[in-house]
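For reference, the structure is listed below as structure tokens.
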Amino acid sequence: MRTSPAAVQGTGTAANGAGRRQALMLRLVGAGVMLTVMADTTATTLAVGMLKYTPAGAGMPLGDLVWLTSAAFVPIAALLATAGRWADLFGRRRVLAVGLVVFVLGGIATVMVSSWSSVLAARAVQGAGAAAMIPASLGLLLGELPEQQRRGAIALWSSASGLGCLLMQAGGGWLAAGFGWRALFAPDVVMGVALLAACVALPSGRRAGTKGWPDVLGAWLLAAGIAVIVLAISKAMSWGLDVVWLGIAALALLGGALAQARHHRLPAIDLALWRRPRFVWGWLATWGFGALSYGLLTVQPLYLLHLGYPMLEVAMWLTPTSVAVVVTSYLAGRVVKRIGPYGLIYAGALLCGGSCVIVLTQGGPTVWALIASVVMGMGVGALAPGTSVATTLAAHPSQYASAVGAATMARMVGGAVGIAVVSVVIDHPFMRGPLAGLAAALALCVGISVLIGALALTKITRLRPDPGEEMIKVPRRMLLELRMTLATVAAEADALLPVETRAAAPSHDPAPTPARTPARTPAHPYAQQRQTAGTGPLTGSYGHTHV
């Protein structure tokens, strides 16, 4: 029984509609994951500022308070690569759902537990959940969307982090002022539950063909090494030379993780990615971006709270920066094809560094400081999609989730180190003046911006193409020249033929069936011409081929 054309057209229309709805849901969930994670990070920076200048945490040094952020960053950074491989192997939707469940449970515990150690443990649980959410969401997004839509999806995924920061800074001041610093983590729980319900509408995600269990021991060694590095930085001034032993221990732990990666079938660190120069450069730029962005995110509320501004006014001062991040990230996703990801990275580093210099010249919140904060947001908004595109698209499609995990690990490790260094510099400044600590932290951010800009500029001007790429780019000019050359050769060959054997226009009349040719008669119409042609521009070009 034949299907009518109308029925076929209706089926195709329905399939296209379902595909569009699924693509829309993929974008919404992917953006929602980054919005939630960034809102959680912003909540910790606001909470650290509140605890620093309220009786609840006034007796604690800043290096201990920032562990509210570092306690989540360490498991995120350490487990991202492993979680990305789990997503590639066992299904990205499944890993995303498990991560959301763990994240929501950790958020509930953060709001309800009482002791500081329990709060840090709950934050670590949230970090483990986020480590599964981040690579699985973007890996699912990139794996299910067509190639021409992936850059835009990455830009949306990155700009959503700015939106999460904006919403938390705009509403977090009201929550903290009315209900205390723990209320800052309540929106994370609500968003996590909503995203978990939306997972039902997502495709399951592709799985890699490799079988086996990922390197859990390598992941724990990596987590321990990162935690020891952050601890050594935060305690560098108070513990003195004892932190040298922490540095040695960190190197040993990281060396163990690398050794596991070399010998394990499914390592926590995908060494195949590190054989791609493009990925290495993107990883370094992402690491610097993490140190810069999270350092600035920590300095801003501390700077305003130190000047005596209430929490609501602090949120009002920070909101323009987040608006600039969201708008610039959206626009940067549209221009990344024209100037390239490293062009965005260079522009973002220049804007961030210049804005920090302007803030250093001001004695407090002024009009110029407000303009500088907006420019700072523009710089962060350019760096976010630039680093994401530079790192993620350097991987093979089968390694998307792993690349996302490794790239976000770089961002989180950089963030953890940046926050730890900023806290040390604020408590032990190398500058003088009433705001010496905060000024020293801003000067440090200027130095990081210079390093990121220099790296991007070097990549743009000097780095050769990746030899491992399986893509050959042929310029359009060469194709046109080849076409002209072939046309000339064809014209010369046609001129050598007798008039009766030259190609004629095709006829619509059916050609008569030719009679069988004797065995010794040349089968090709050009055979006789090859034997008789004595001169001409193409003489001898056929050689002595016998037909």
Side-chain angles (χ1 to χ4, degrees), residues 41 44-45 48-49 51-52 57-80 116-117 119-121 123-124 127 217-260 268-269 283-284 286-299 302 409-432 436-448 451:
T41 302
T44 61
T45 58
V48 168
L51 290 172
K52 175 67 175 177
M60 300 177 63
L62 183 60
D64 292 342
L65 289 175
V66 296
W67 273 95
L68 190 66
T69 304
S70 300
F73 276 19
V74 168
I76 290 177
L79 298 177
L80 273 170
W116 182 249
S117 59
V119 169
L120 297 183
R123 294 290 300 146
L217 176 59
W220 282 110
L221 290 172
L222 184 62
I226 296 173
V228 171
I229 290 175
V230 175
L231 179 63
I233 294 173
S234 60
K235 297 295 183 181
M237 302 304 296
S238 58
W239 288 5
L241 293 178
D242 290 339
V243 298
V244 175
W245 297 106
L246 290 177
I248 295 174
L251 291 176
L253 291 169
L254 295 177
L258 290 174
Q260 282 287 112
I269 304 173
W283 194 94
L284 292 174
T286 306
W287 190 95
F289 169 57
L292 177 63
S293 60
Y294 289 115
L296 291 173
L297 195 62
T298 302
V299 169
L302 287 174
M409 178 189 73
R411 183 173 176 176
M412 292 301 176
V413 171
V417 173
I419 291 173
V421 173
V422 162
S423 66
V424 172
V425 170
I426 291 176
D427 283 341
H428 303 85
F430 55 84
M431 300 180 70
R432 297 180 181 179
L438 296 169
L442 287 173
L444 180 66
C445 292
V446 173
I448 298 174
L451 290 177

Heavy atoms of G127 and I76 approach each other most closely as O-CG1, 3.1 Å
Between I248 and W245, is there a side-chain heavy-atom distance shorter than 4.5 Å? yes
In short, V422 meets G295 closest at the heavy-atom pair CG2-CA, 4.0 Å
If we only count heavy atoms from C-beta on, is the L62 to V48 side-chain gap below 4.5 Å? yes
Roughly how far apart are L51 CG and L65 CG, rounded to 0.5 Å? 6.0 Å
Less than 4.5 Å apart, side chain to side chain, heavy atoms only: is that true for I229 and L254? yes
What closest approach, in Å, do G225 and A250 show between heavy atoms, and which atom pair accounts for it? O-CB, 3.8 Å
Indicate yes or no for a side-chain donor-acceptor contact from R123 to the backbone of L68 under 3.5 Å, with no hydrogens or angles considered. yes
What's the spacing between L221 CG and L258 CG if we round to 0.5 Å? 10.0 Å
To the nearest 0.5 Å, tell me how far S70 OG sits from I226 CD1. 11.5 Å
Rounded at 0.5 Å granularity, tell me how far OG in S423 sits from NE2 in H428. 10.0 Å
Quick one: are L231 and W67 in side-chain contact, heavy atoms under 4.5 Å? yes
Residue W220 excluded, over 12 heavy atoms near CH2 under 6.0 Å: no
Kindly give the heavy-atom pair with the smallest separation between A416 and V230, and that separation in Å. CB-CG2, 3.7 Å
Do F73 and T44 make a side-chain contact, defined as non-hydrogen atoms from C-beta onward lying under 4.5 Å apart? no
Quick one: CG on L246 to CG on L251, what's the gap to the nearest 0.5 Å? 11.0 Å
Compare every heavy atom of L296 with every heavy atom of C445, then report the nearest pair and how far apart it is. SG-CD2, 3.6 Å
Please round to the nearest 0.5 Å and tell me the distance separating atom CD1 of I419 and atom CD1 of I233. 11.5 Å
Taking all non-hydrogen atoms of both residues into account, name the closest pair between A441 and V425 and its distance. N-CG1, 3.6 Å
